[in-house]
Each structure stands twice: as C-alpha cells, then as structure tokens.
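Data first, discussion second: the structure below is written as structure tokens.
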Amino acid sequence: MMKRTNVLWNQRIFTLILTMTIVWTLPAAQAAAAEATGTLEWERALGANLKLLDVSEYGNGYSVVGLNKSTNFVYMAKLHADGTVYWEEELPLIAANGKRAVPEAAGTTKDGGYIVGATVSGIHYRYSDYYAAKLNAEGRIEWTNEYLSGSHASFNYIHQAEDGGYLYLNNTEVYLADYSKTSAGKMDADGNVQIEKTLASGRFTSPYARQILELKDGSYLVVGGKDQILYTWRLAEDFSIVDEQEYTELSTGKAAATADGGYTLAGVTQQGYVRLYENSGHQESNVVQLNLTGQVRSLYETAGGGYILGTSQGVYQTDSDGNILQVYEVSGLDKAIPTSDGNAVVLVEGRIIKLGSVQSLQLDSSEYSVNIGQPIDVIVTYFEGAAPLNVTKESSFRTSDPSIAYVDEEGNLIGVKRGRTMLTVTYNGLEAKAIVDVY
C-alpha cells in the first residue's frame, strides 16, 4: 500500500508536469478584451513652436487653442472634420500696464470662442499678477480681467463651467518667505471673480492644483498634490472643502467625472504604473491596476462608459472595467479627448491627430474556472469605437481541447474533465481568447 506522503508527492509532480506542459503548449494568458492598435484617420501639423492646450468639436469640425512659445501670443484655429485648417490666428494679450500677458492656461468655449488664463509681470521680476481674457469665435477680445496675486503668480488651469462661468486654478509663491499656496476659484460669465478658495499652503512646501471638475451633484473635484504626493479635494458649491484625500502611493494623476455622479482617478504609482480609482458617489469602490507605464496627461469618460486615457506614451481606450480595447502609441502627448463618433482627437507637440474607428471583441473574463459538469455563462461584447454590443448568441466558440471543456449552443462553458484549455471566440472577423481551468 502506498504511503500518503508518496501520494501527495506524486500529485504535486503531476501538477507541476501539467503546468509546464500548459506553459509550453498554450499561448500566454490574454486580457479579456482583444487589444487593438488604433488607426490614424488624419494628422495635421499646426506649428512646431506651438503648445496646444485644448481642442473641442465645433460645428462639423474642431476648435483649437494654444500658445506660440516663441512670441507668447495666443494661438487659435478652426479645422474641418477632415483636419483641414480653414481659419487660424495669433493674438498678443496686453495688460493695463502696457506689458505683455503670458498665456499659461486656455480652453475652448461652447460658443466657439476661447478663455485664456495668463500672468503679467509686475514692478519686480519676482512679482506677477493674474490676467484672464475671453475671446470670441473670431479671436476678438470680449473682456479682460486682472487681479493681484501679491507675489509670483502661476495660472494652472481654466475652463468654462456648465453655467457659463469659468473655473480656474492658480499658484502663488513668495520666494523670500519660502511660502506657497494653491487655490481654486470661479468667475462669472463676464470674468468677475465670484469666489476663490485656498486649498493648501505653507512654508517649505510645494502644493499645486492641476485640474478641477464639476460633478453631477453640483460639487467640484480638484486634482493636485503636495510635495510629489497626489491629493484630491472635493469642494461644495460654495467652494468649502468637504473632503481631502491623500494618495501616498501616487505621484501624479488626472480625473474624469462619470455619468453615475462619481469620478474616476487615473494616477501613477511610485513604481511608474498607471492605476484607476473608480469612485461612485464619492466613495472609493474599485481599484484597477493597468499594465501601463508613463505619466497620465488626460482622462475622459466615453459615451459607452469606458475611458480615453492619454499618457506620455500614447492613447488607450478602455471599457468600464479598465480592459484596454485600443492602443495608439505616440510620444509627447498633451491631451486626448473623446469625440462624438466614439474615437478620439489628440494634441501632441504642435500637431492634432484624429484617431479612426477600431473594432474589438471582449470576453467577460480572461480566465474561467469551472467544475466538471457545471455550466457557466460566457458573455461576448463587441466594440466599435466605444459603443458596446452583446454578441454572445451571434459568436462562434471553440476550445483547443474539447475533451476538457466546450461551449454549448446557449453560450454555456461546460467542464468535461480536469485540465486546462484555451477558449477562442470569433465574431465579425475578430477574435478573443481566454484560459479555461477545469477542476
């Protein structure tokens, strides 16, 4: 009679041999989504000396704003849907003291115009004040506003709010006192400052704010940091701070407001990997580690509930669970924004890039574990752009070894005997794979 210890060792040896055989005979595990390479619809070079800051769909084309790094003029352009430039202009901004205002932040507005945040040097080279200007769709100034900083000013962010006003973020530094502060504020539609709130301040510290979002409940989310650690601040409608979160494991990041009233934060870990924090109703609900590295430049939710993630290495389109559906590699990216056709438009080093439609197929899991004789559902989703479509019943299934597991006519995965096999699903010429373990 064989001793129990020998039986256990034989089982372990068998398991090891089986595992090694699987590693050698099956392809590596794949993500649930069949990752596709993004296609280029068109690319337009607007100028190597330009820093493009924002783009939005306007009419049947696009509206772009940025700055000329050589002249510090505001750059504005209108493009047709095919990327052809039909209007562009550069404009210097002159403050009340006769000095040139230097644009540092800008955004497009709903009327086809532009909002610009700039700074103006003061009586001393270490002093500067804030300057804001609203330009119409033809690039003409509608109004300007200037207000004192009390020291050295930086305009970090500005964009139009849903009510027609303007949200902004700034920094003030007092060099001789080693004091810094970062603030969030709101102007009315005519550029008058209604409220400004200091988010963080102190000596020998470097607080900053880089992005402000409007959430569904009327509150605001600010993304920034203190001394290379990522922070978020949630503000009430009166800009009082109702919540402050410190992400010690993250260095930088961006956020996107979501349709469920919450938000998703994309941050970079200290090891350089991108991580998604999905918050529903302002409660942290899910953390997704992406197999990506690089600095996060932008994050937007798509109409299908997924995300357009722009990083220093490229554009990534994901589903709502963070599975990567589409990749477009490009260096020097500044921002990637979803478009109404389910794709994206990208700003990168004085160029604007329009990505085309990519079809992809996704299984609801990258690995399935089933018991012998116990069926489980398999769900197949088809994506074109960002719109999801359940195509389980229209898809074809096969396993590399049907004696281990197979899929019946109803789309149920059924285990036959112990082992591992590869499930392959096809639809509309596309293919997705997942590993199946039967116990």
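Counting from 1, the numbers follow the sequence of the chain as shown.
The existence of a salt bridge linking R351 and D334 is excluded, since no basic side-chain nitrogen approaches an acidic carboxylate oxygen closer than 4.0 Å. Ion pairing of D341 with K354 is present here, as a side-chain N (NZ or NE/NH1/NH2) and a carboxylate O approach within less than 4.0 Å. A salt bridge links E431 with K433; the closest basic N to acidic carboxylate O contact falls under 4.0 Å. Comment: D54 engages K335 in a salt bridge, judged by a side-chain N to carboxylate O separation of less than 4.0 angstrom. Between K216 and D260 there is no salt bridge, since no side-chain nitrogen of the basic residue lies less than 4.0 Å from a carboxylate oxygen of the acidic one.
Neither side chain, D437 nor S369, offers a donor N or O lying under 3.5 Å from an acceptor on the other. Side-chain polar atoms of E301 and Y263 form no donor-acceptor pair below 3.5 angstrom. Side-chain contact annotation: Q313 with S331, donor-acceptor N/O pair under 3.5 Å absent.
Between Y307 and Y300, the distance separating the two ring centers is not shorter than 6.0 angstrom.
A search for ring pair (Phe, Tyr, Trp, His ring centres under 6.0 Å) contacts involving Y231 returns W233, not counting sequence neighbours. With sequence neighbours left out, the ring pair (Phe, Tyr, Trp, His ring centres under 6.0 Å) criterion links Y220 to F239. With sequence neighbours excluded, no residue forms a ring pair (Phe, Tyr, Trp, His ring centres under 6.0 Å) with Y368.
Rounding to the nearest 0.5 angstrom, the gap separating the OG1 atom in T381 from the CG atom in N323 is 10.0 Å.
Figure legend: K78 and Y58 shown as a cation-pi pair, the cationic atom lying under 6.0 angstrom from the six-membered ring centre and within 45 degrees of its axis.
A donor-acceptor pair under 3.5 Å is formed between the side chain of T182 and the backbone N or O of N170.
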